[in-house]
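Below: the structure, in structure tokens.
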Number of protein chains: 2
Amino acid sequence: MTTIRDVAKRAGVSVTTASYALNDTGSIGEATRKRVLQAAEELNFHPNAFARHLKRRKTQTIGVFISSFGGSFFEEVLEGIHSVILDSDYELLVCPQSRSTRRILLHRQVDGAIVFDPVIPSEAVMKLASRRFPIVVMDRDVQNEFILPLLLDNPQGVREAFAHLYGQGLRKLVFIAGAVESFDNGERMATFLSEAQQHDLQIPVYQGKFTEISGYEIAKTIIQSNDLPQAVFCANDQMAIGFLRAMKECGLNAPHDIAVVGFDDIPLTRYMQPSISTIGASRFEWGMTAVRQLIDFLEHETPFEPHRIPTRFLARQSSTLEG
Amino acid sequence: MTTIRDVAKRAGVSVTTASYALNDTGSIGEATRKRVLQAAEELNFHPNAFARHLKRRKTQTIGVFISSFGGSFFEEVLEGIHSVILDSDYELLVCPQSRSTRRILLHRQVDGAIVFDPVIPSEAVMKLASRRFPIVVMDRDVQNEFILPLLLDNPQGVREAFAHLYGQGLRKLVFIAGAVESFDNGERMATFLSEAQQHDLQIPVYQGKFTEISGYEIAKTIIQSNDLPQAVFCANDQMAIGFLRAMKECGLNAPHDIAVVGFDDIPLTRYMQPSISTIGASRFEWGMTAVRQLIDFLEHETPFEPHRIPTRFLARQSSTLEG
DNA sequence: GGTGTGTAGTGAACCGTTTCACTTCACTCT
DNA sequence: AGAGTGAAGTGAAACGGTTCACTACACACC
């Protein structure tokens, strides 16, 4: 509750001088500065962030908008973001999905945004983005001078995975898709199907929802059809996990009966039995890159440079036939 | 960039009237209110949060201070917190460890705090807490009128786990401790040792750090000593996972050679092979309770009611000897 | 002595809201 | 007719900083 006025009074200077001294701006004599700093210390003064932001019209804060904390997916992205923030003089505001929050926050509570929540409509993003409010999107492909899409290189990983399956002689393949609105899902599917087409394969597609349970249910359907594919490619790991659970329940073995591949390389995939083949990317660096570019833009208007985050296929037990 | 003045002008009323109309306070005629709301809509007006907070001296925001996003531990806590926030008219500010951030944030950027980061000194918490700034702590046991400790019932779960091991005839037990500063670690250890003492058992304690690698290293030490215990109790799951990895590498089998129990019930424990016996609590509800109590205090000064979050032992493969 | 230059410091406006204290005016009551 | 009441609306002072434009003064230079 102590204000800069209290500090000024105690140091015997004007408010202006106190402000300059505390911010190390303006020209203030060394002795005076010391006196002000000491007064501030003694009074345990901390400037009111709101008053400051109000006047400066800058919040020195980056907003990150994610769909939820769950799924152990955002974790690493957030850690990457956080690691950069620590070394900057920005603050971090993480905002999980919420209508009201979003509206209010987006209006001037942060200097720039990182969007990773498909629920936010692209039109809203387009409308908000501006020189004074740059946005990095990690979940869609909209682009303009003030919007930077920073996306996974889905095609690369998917092609590697396809080659891996095809190379083992597997020809009867199935694609299990995630949420239709998802950009990543679309790209993964498109790539997989196009690869297949080049090898004259027909690929049935089952529509899932990126959730474990949807993978599980699709697996049951497929198994009951009594027409097992040799391999399934799941658009994310959660569905692969569900798929494997169903297989296990039915006494089927991966990769023997059906080879399974996921996408994302979430930690679980390494620990499951069998371990799950998947496509990974460094989410930590992904997050780092996002903030870095955003801060660079905010500070020097460095133009955005869209590029893809590399992915790589990780062959593990669930899809690797022996010998 | 449009302000309430623009709205007022367009609606042909004073700023005061516009403010009252927008906030549904004061007494404003229905026709006027409509006109103001419409003007605001047309201009796409959103009140500047900083100006508002500055004047109101309330931010309508809850700050959550965690040590990091990693470890898949906070995830569920945050989701619980978030779920309550969604139904309230508060906003959520999640702030991972960072010196500067903390200082600044704590000073008036949030109305109340939830602390789950051992790095924050208890003195700081004590100093900050006040009627106008209540704090819920989830990682330590400081308490006063304005600080609510909301802790796990460590003793309950640990006692159940001890009984489980002891009940299977295991007598040669070892305790693997986590970070010494940790309140939870201390309580888990104290309970385990006291239970043991009641049965006249001596328990060696190894000092770990709550990390997988520390569990791994301790396991190697123990195994090389050639004097295997019948069971180890790890103060958290990460260490249990490391311990099991070391065992596997040495060709040892859990629970046969050594039974292993962890603490936290992180998702991995269910999926590992063998699945890991552990002690769980609903972190989701833990988070929910924390915010609920905080908001209740903020709104009605409802006095804090400390209580423990129940834990339960979950017997899984890693510690269950067959029939 | 007049001009110029640089340093140290100050007054007051401003950022965009909220809200206290007040005015107006129409209406009712006695 | 005069007093009283309540509803609708307004002016201006906050809130706590930052910063523009300015003063005061010492010093150097020619």
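Lettering of chains follows the sequences in order, A, B, ..., and the numbering in each one begins at 1.
Using a 4.0 Å heavy-atom distance criterion, A:R5 is classed as a base contact.
Taking a 4.0 Å limit (strictly below) on heavy-atom distances, residues 11-35 of chain B reaches DNA chain C at B:V15, B:T16, B:S19, B:Y20, B:N23.
Rounded to the nearest 0.5 angstrom, B:I62 CD1 and B:L298 CG are separated by 5.0 Å. With values rounded to the nearest 0.5 angstrom, B:L54 atom CG is found 12.5 Å from B:R52 atom CZ.
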Please set out all donor-acceptor pairs under 3.5 angstrom arising from side-chain atoms of residues 128-143 of chain A, sequence neighbours excluded.
from: A:S130; atom 1: OG; to: A:R132; atom 2: N; distance (Å): 3.2
from: A:S130; atom 1: OG; to: A:F133; atom 2: N; distance (Å): 3.1
from: A:R131; atom 1: NH1; to: A:E301; atom 2: OE1; distance (Å): 3.0
from: A:R132; atom 1: NH2; to: A:R57; atom 2: O; distance (Å): 3.4
from: A:D139; atom 1: OD2; to: A:D117; atom 2: N; distance (Å): 3.0
from: A:R140; atom 1: NH1; to: A:I120; atom 2: O; distance (Å): 2.6
from: A:R140; atom 1: NH1; to: A:S122; atom 2: OG; distance (Å): 3.0
from: A:R140; atom 1: NH2; to: A:D117; atom 2: O; distance (Å): 3.0
from: A:R140; atom 1: NH2; to: A:I120; atom 2: O; distance (Å): 2.9

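Atom CD of A:E30 has more than 12 heavy atoms from other residues, nucleotides or ligands within 6.0 Å.
Separating the NZ atom of A:K58 from the C1' atom of C:dC15 is a distance of 16 Å, rounded to the nearest angstrom. Between the CG atom of A:D6 and the P atom of D:dC15 there is a distance of 11 Å, rounded to whole Å. Straight-line distance from the CG atom of B:L54 to the P atom of D:dA14: 14 Å, rounded to whole Å. Between the CD1 atom of A:I4 and the C1' atom of D:dC15 there is a distance of 14 Å, given to the nearest Å. In this structure, B:K55 atom NZ and C:dT19 atom P are separated by 7 Å, rounded to whole Å. Atom NZ in B:K9 sits roughly 15 Å away from atom P in D:dT10 (whole-Å rounding). When rounded to the nearest whole Å, the span between CD of A:Q60 and P of D:dG17 equals 17 Å. What separates CG of A:N48 from C1' of C:dC15 is a distance of 13 Å, to the nearest Å.
Contact record, B:G80 with B:M288: O-CG, 3.2 Å, taken as the closest heavy-atom pair.
A heavy-atom distance below 4.5 Å is not found between the side chains of B:F74 and B:V64.
Put simply, A:R57 has a side-chain N or O that comes within less than 4.0 Å of OP1 or OP2 on C:dG16.
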